[in-house]
2 protein chains.
Amino acid sequence: MAGNVGTPGATVAGRVMAILGAFDDQQPRLPLSELARRAGLPLPTAHRLAGELVRHGALARVGGDYAIGRRLWEIGLLAPVPSTLREAASPFLNDIHAATRATVHLAVRDGERVLYLERLAGRASVPVVSTVGSTLPLHATGVGKVLLAHAPADIRRRVLAALTRVTPYTVTQPGRLRAQLAQIRLTGYATTVEEMSLGACSVAVPVRREDQVVAAIGVVVPTLRRDRARLTAALQVAAQGIARHLGA
Amino acid sequence: MAGNVGTPGATVAGRVMAILGAFDDQQPRLPLSELARRAGLPLPTAHRLAGELVRHGALARVGGDYAIGRRLWEIGLLAPVPSTLREAASPFLNDIHAATRATVHLAVRDGERVLYLERLAGRASVPVVSTVGSTLPLHATGVGKVLLAHAPADIRRRVLAALTRVTPYTVTQPGRLRAQLAQIRLTGYATTVEEMSLGACSVAVPVRREDQVVAAIGVVVPTLRRDRARLTAALQVAAQGIARHLGA
DNA sequence: CCCGATTCTTCCACTCAGTGGAAGAATCGG
DNA sequence: CCGATTCTTCCACTGAGTGGAAGAATCGGG
């Protein structure tokens, strides 16, 4: 007389919530055994449900551990807590800053604007208009273009329909910007040349978490400096490091 | 020969994700029929599952509609998107600003600091140190105290263990601050008197969503003005309005 | 390199949690 | 007031879910 039976009265939805609720600020990633313990589920049950949630994108596998997956981030009302992102990014931004002496930015998309979360001022007196906490149009800055390139289609549509001119070099033709965005998605980095303020160029790359672009980092340099390749490489290394530290 | 049978091959976890995934930026709240349609589920099934998710706090009922519930917000890695909050708050902040002519703030907790999301400068020349995007200690400002009072226990513990002095009036005794926080939870508002900068007083109240404190709004006035009761009342009305607009 | 401890994964007999058509209740709008 | 629409409850039926046990992989010390 073997054969097991589901605990009477318990629902699958409840067990799913128990698993999602097992994660918190302190423990963004858990091994299966810990996950099962926290959720109060037998190990095989936790294993099967967690696997199913991974298949649905609600959880992600990180090495041997489980973490909150991108599917939950896609629900528009949820976003990475700023401090998590900032903490993960801080050392990498400092590295870039030390290596390039340029102005370094960490930014996220906030609706149809770029929101600057962090800013390390560079040596050179480049005219930079961004300040921490302020927002700028998505289409005229490096980090903005990166975020726009990976924004949902309807956001992109709305932004492209209202391109304001900031400098004579701002891209205001929807077709041209659309081509640039495609290029950005392809090459993995964005550049601007005096599109936001005269005398300043920028290079920016996305920070991904679970294949989802959650932020962008970029540098602003005087128009004269043109070591784009080196800057881009440094930024991409940093972006990967940040992603790793975000626990994904 | 009646009797229904669950669609073969489908899992409950998948249906749960279909329901959660039905919500997005544009549609933070949905009636049952729309929810069922988007999730691709028969109406009774959607009804039962949604009800279960509400019981588990993953969804919330807003009037007749369903919305993402607080349980998901409690998972430390998820937070309200800043723009949603800002958009919901904007008209109310303007009202308060017009009515009081004081400096008005919208802030959220970012780790162990207050992060200012919005700031409407007041008429009077009050010494206010906050700027949009900057962070300040939680224990020395009105909005900070509100957010601290409703922060998780471990955040509270850590902040209370490191109270730095800013002015001679800053509360730096953990016992005294703890008593103030209890009072704030009880009365629903916080006040400071020259604890962050000499010459400035503040009143602040929490903004709740689903019984969860997600932000705080407050005003800063010269120490002379003492119409606290009126300010508090105006703030509380605004906080409720914001919460309503957040779709909760 | 081997072997015991630990953690993860698969298997599967058994059954109760889940299903969804249909019918009834509530709500809306004219 | 009454028809249309949306929401909720009911319930006969069964396959999705369960979890102990056993096997596989991984780790760490000697």
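Model, not experiment: these values are computed from the prediction. In what follows, chains are A, B, ... by sequence order, proteins preceding strands, each numbered from 1.
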Could you state the interatomic distance from CZ (B:R158) to CG (B:L138), rounded to the nearest 0.5 Å?
-> 11.5 Å
One should read off an interatomic distance between B:H139 NE2 and B:L160 CG, to the nearest 0.5 angstrom, of 9.5 Å
Between [X] and [Y], what is the shortest heavy-atom contact and its length?
X      : Y      : result
A:A204 : A:G142 : CB-C, 3.3 Å
A:L163 : A:V159 : CD2-O, 3.4 Å
A:P152 : A:R109 : CD-NH2, 3.3 Å
B:A151 : B:R156 : O-NH1, 3.0 Å
B:R15  : B:A10  : NH1-CB, 3.3 Å
B:A102 : B:V219 : CB-CB, 4.1 Å

When the distance from [atom1] of [X] to [atom2] of [N] is rounded to whole Å, what number comes out?
X     : N      : atom1 : atom2 : answer
A:N4  : C:dC16 : CG    : P     : 12 Å
A:E34 : C:dT7  : CD    : P     : 11 Å
A:R55 : D:dG17 : CZ    : C1'   : 13 Å
B:L30 : D:dC7  : CG    : C1'   : 15 Å
B:D65 : D:dT8  : CG    : P     : 11 Å
A:L32 : C:dT9  : CG    : C1'   : 9 Å
B:L35 : D:dT6  : CG    : P     : 14 Å

With respect to the phosphate group of [N], does any side-chain polar atom (N or O) of [X] fall under 4.0 Å of OP1 or OP2?
X     : N      : value
A:T7  : D:dG19 : yes
A:R61 : C:dC8  : no
B:R15 : C:dT19 : yes

Salt-bridged, A:D65 to A:R61, with N to O below 4.0 Å?
-> no
Neighbours of DNA chain D within residues 42-52 of chain A, by heavy-atom distance under 4.0 Å = A:P42, A:P44, A:T45, A:R48
Every protein N/O within reach of nucleotides 27-29 of chain D N/O, cut-off under 3.5 Å:
none

Quickly, which of B:V114, B:I184, B:V207 forms a side-chain contact (heavy atoms from CB on, under 4.5 Å) with B:L147? Name it, please.
-> B:V114
In a check of side-chain contact (heavy atoms from CB on, under 4.5 Å) between B:Y66 and each of B:I19, B:L30, B:L35, which one passes?
-> B:L35
From the list D:dC7, D:dT18, C:dT19, which nucleotide is the closest neighbour of the side chain of A:V12?
-> D:dT18
Quick one: the dot-bracket string of DNA chain C, using Watson-Crick and G-U wobble pairs with both distances under 3.5 Å, [ ] for crossing pairs and | for bases paired to another strand.
-> ||||||||||||||||||||||||||||||
